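Encoded as structure tokens, the structure appears first; notes follow it.
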Amino acid sequence: METEAKKQTIFSAAQPSGNLTIGNYLGAIKNWVDLQDKFDCIYCVADMHAITVKQEPALLRRRTLETMAIYIACGVDPEKVVLFVQSQVPAHAELSWVLSCNTMFGELSRMTQFKDKSAKNTGNVNAGLFTYPVLMAADILLYNTDLVPVGADQKQHIEIARTIAQRFNSAYSPTFTMPREYVTKEGTKIMSLQEPEKKMSKSDPNPLAYISLLDSRDDIIKKFKKAVTDCEALVKYDEARPGITNLINLYSCFTGKTVAEIEREFDGRGYGDFKLAVGEACADMLDGVQNRYKEIVDDKAYLEDIMKKGSEAASRIAYKTLAKVYRKVGFYPQPR
Ligand code: TYM
């Protein structure tokens with residue numbers, strides 16, 4: 001009898017550490033939606049990662065629920081994918097400990113995100129910030145993940161997850177699937193609207209630097225109007241002019257137009273016209289997301305039901321992997 005080939009498994013997550021931005025959407029969530037029809041997809045709200053920087057507890061709880069709602073509003077379909085909250089599946093913390101004993105101090109010291117974040121949070125360089133990539137490796141490896149759709153900033157974290165998996169597999173025996181990153185060309189790195197040489201970040205202290213998926217049309221248009229460009233007034237893609245290049249890239253993502261088409265459309269017109277067009281295209285794209293979000297965000301029972309079903313489904317897979325790992329490292333069997 002012929003058996004159907006097993007679908008590849010996709011895993012990804014975002015931190016509920018602020019309102020998700022168009023960077024998160026174009027770099028990751030849009031791809032999550034595109035992949036959900038063809039693969040076994042598991043998507044998570046990474047609340048445990050979020051506490052590596054100080055969080056207000058009530059706000060974190062609220063944002064966890066809102067992040068669930070945002071995923072769904074962006075098109076993630078809870079009927080097709082497993083959607084859950086990281087802290088509701090304790091296997092993540094449990095595997096993370098075992099993996100941390102198979103991760104080298106030197107490897108973690110080289111992580112650029114650790115260096116950046118510890119420079120920014122000098123008053124709170126906690127051990128969790130340092131072992132952050134180990135928890136992320138646990139997230140990925142628990143589900144025998146083949147592909148991880150992320151933005152470019154997460155590539156180094158996928159790389160170290162592979163290193164850890166490889167080390168464990170050769171020290172014990174083949175246990176973990178080797179994950180690969182899945183990044184698309186356009187959305188890979190959306191830059192800040194205020195400092196276009198930096199990536200757009202939801203935790204940027206300056207709200208003009210990012211577009212939240214929930215920003216009003218007026219705010220979106222205002223933020224694009226104030227976006228930092230240069231004094232050349234030339235709508236032309238040029239890596240040496242990161243501000244205008246970022247806006248061209250964004251307009252291309254929002255409208256599906258190519259760079260050449262955009263340059264032609266705005267040939268001889270100033271930045272004012274172009275920025276307005278980018279703002280309007282962005283607001284148009286987010287209109288549907290925001291309407292859907294408003295419909296579901298106050299329906300706590302609906303969202304909690306998704307979380308419950310999601311954590312049950314995720315736990316079934318995660319604990320199978322964890323049991324294997326515990327056996328291989330020599331932990332005494334659980335009492336029956
Ligand atoms: P986070 O919450 O910072 O971002 C979520 C996703 O959005 C992508 N992203 C961007 N893409 C393009 N341009 C940008 N400016 C931009 N900013 C963010 C990120 O690359 C990411 O894909 N550590 C992760 C969350 C995580 C995770 C995981 C991801 C926890 N466990 C396991 C994958 C697999 C993070 O902080 O993402």
Side-chain angles (χ1 to χ4, degrees), residues 9-33 35 41-53 55 60 63-64 66-67 70-71 74 76 84-87 89 91-93 95-96 99 111-114 116-117 128-129 131-162 164-165 179-204 209-213 242 246 249-250 253 314 318:
T9 299
I10 311 287
F11 181 94
S12 201
Q15 295 185 67
S17 50
N19 284 326
L20 296 190
T21 69
I22 52 171
N24 299 124
Y25 177 71
L26 297 170
I29 300 172
K30 184 171 178 292
N31 294 330
W32 302 1
V33 176
L35 293 164
C41 296
I42 304 173
Y43 299 133
C44 158
V45 179
D47 56 345
M48 290 165 69
H49 278 105
I51 64 163
T52 53
V53 297
Q55 300 289 336
L60 177 63
R63 280 195 173 138
T64 299
E66 289 173 355
T67 302
I70 276 278
Y71 287 178
C74 286
V76 172
F84 74 103
V85 175
Q86 190 183 29
S87 63
V89 180
H92 290 247
L95 180 62
S96 184
L99 296 183
M111 293 286 113
T112 48
Q113 188 167 310
F114 171 69
D116 290 352
K117 284 200 179 169
L129 203 57
T131 56
Y132 181 113
V134 183
L135 178 59
M136 190 162 150
D139 297 342
I140 297 168
L141 299 178
L142 273 175
Y143 300 95
N144 301 311
T145 303
D146 297 288
L147 291 175
V148 190
V150 284
D153 61 312
Q154 296 297 322
K155 279 185 180 179
Q156 203 185 22
H157 287 156
I158 314 289
E159 203 47 55
I160 197 171
R162 290 169 60 84
I164 299 169
R180 278 177 297 129
E181 78 216 13
Y182 177 97
V183 284
T184 50
K185 207 167 133 266
E186 312 77 28
T188 296
K189 200 163 185 191
I190 304 301
M191 310 311 280
S192 156
L193 298 185
Q194 288 299 307
E195 295 168 84
E197 49 299 314
K198 262 180 39 185
K199 77 158 190 172
M200 182 181 285
S201 163
K202 56 178 148 7
S203 48
D204 197 309
Y210 58 82
I211 306 284
S212 148
L213 297 181
N246 187 39
N249 181 32
L250 282 169
C253 290

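When a ligand or atom number is given, it counts from 1 through the structure's own listing order. Being a predicted model, the structure only gives us computed values, none of them experimental. Residue numbers start at 1 and run along the sequence shown.
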| Derivation and outcome, side-chain contact (heavy atoms from CB on, under 4.5 Å), residues Met111 and Tyr132 | CA-CA 10 Å; Met111 293 286 113; Tyr132 181 113; over 6 Å; no
Within a distance under 4.0 Å of any heavy atom of [X], pick out the atoms of ligand 1 and give their elements.
X	value
Thr188	11 (N), 12 (C), 13 (N)
Met200	14 (C), 15 (N), 17 (N)
Gly27	11 (N), 12 (C)
Lys202	1 (P), 2 (O), 3 (O)
Lys189	12 (C), 13 (N)
Gln15	2 (O), 35 (C), 36 (O)
Ala14	2 (O), 5 (C)
Ala46	30 (C)

| Audit row: His157, Phe114, ring pair (Phe, Tyr, Trp, His ring centres under 6.0 Å) steps and yes/no | CA-CA 11 Å; His157 287 156; Phe114 171 69; over 10 Å; no
| At what distance, to the nearest 0.5 angstrom, does OG1 of Thr188 lie from NZ of Lys199? |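 Here the rounded value is 12.5 Å.
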| Considering only heavy atoms from C-beta outward, does the side chain of Leu135 approach that of Gln86 to under 4.5 Å? |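 Yes, close enough: below the 4.5 Å cut-off.
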| query | Below 4.5 Å, heavy atoms only, C-beta onward: do Asn19 and Lys202 meet side chain to side chain? | reply |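 When only atoms from C-beta onward are counted, Lys202 and Asn19 do not touch, as no gap falls below 4.5 Å.
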Any nitrogen or oxygen of [X], side chain or backbone, less than 3.5 Å from one on ligand 1?
X	answer
Gly151	yes
Ala152	no
His157	no
Val148	no

| message | Using the rule side chain to side chain contact (heavy atoms under 4.5 Å, CB included), only one of Leu147, Val148, Val183 pairs with Ile158; which is it? | response |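 For Ile158, the side chain to side chain contact (heavy atoms under 4.5 Å, CB included) check succeeds only for Val148.
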| Which of these passes side chain to side chain contact (heavy atoms under 4.5 Å, CB included) with Pro179: Ile10, Asn144, Leu141, Thr9? |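 The passing option is Leu141.
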| From the candidates Ile29, Asn246, Asp153, Val183, the one that places a heavy atom nearest atom 20 (O) of ligand 1 |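 Heavy atom nearest to atom 20 (O) of ligand 1 belongs to Asp153.
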| request: Would you mind finding which of Ile140, Val150, Asn24 brings a heavy atom closest to atom 22 (O) of ligand 1? | output: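 When every heavy atom of Ile140, Val150, Asn24 is considered, Val150 comes closest to atom 22 (O) of ligand 1.
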Checking contacts here: is it the side chain or the backbone of [X] that comes within 4.0 Å of ligand 1, counting heavy atoms only? Could be both or neither.
X	result
Ala28	side chain
His49	side chain
Asp139	side chain
Ala13	both
Gln86	neither
Leu26	neither

Within the side chain of [X], is there an N or O that forms a donor-acceptor pair under 3.5 Å with the backbone of [Y]?
X	Y	result
Ser12	Pro149	yes
Asn246	Met191	yes
Tyr71	Ala14	yes

| request: Test Cys74 against Tyr25 for side-chain contact (heavy atoms from CB on, under 4.5 Å), laying out the working first. | output: CA-CA 8 Å; Cys74 286; Tyr25 177 71; 3.7 Å; yes
| Parallel, tilted or perpendicular for Phe11 and His92, by the 30°/60° rule? |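 Ring orientation of Phe11 relative to His92: tilted.
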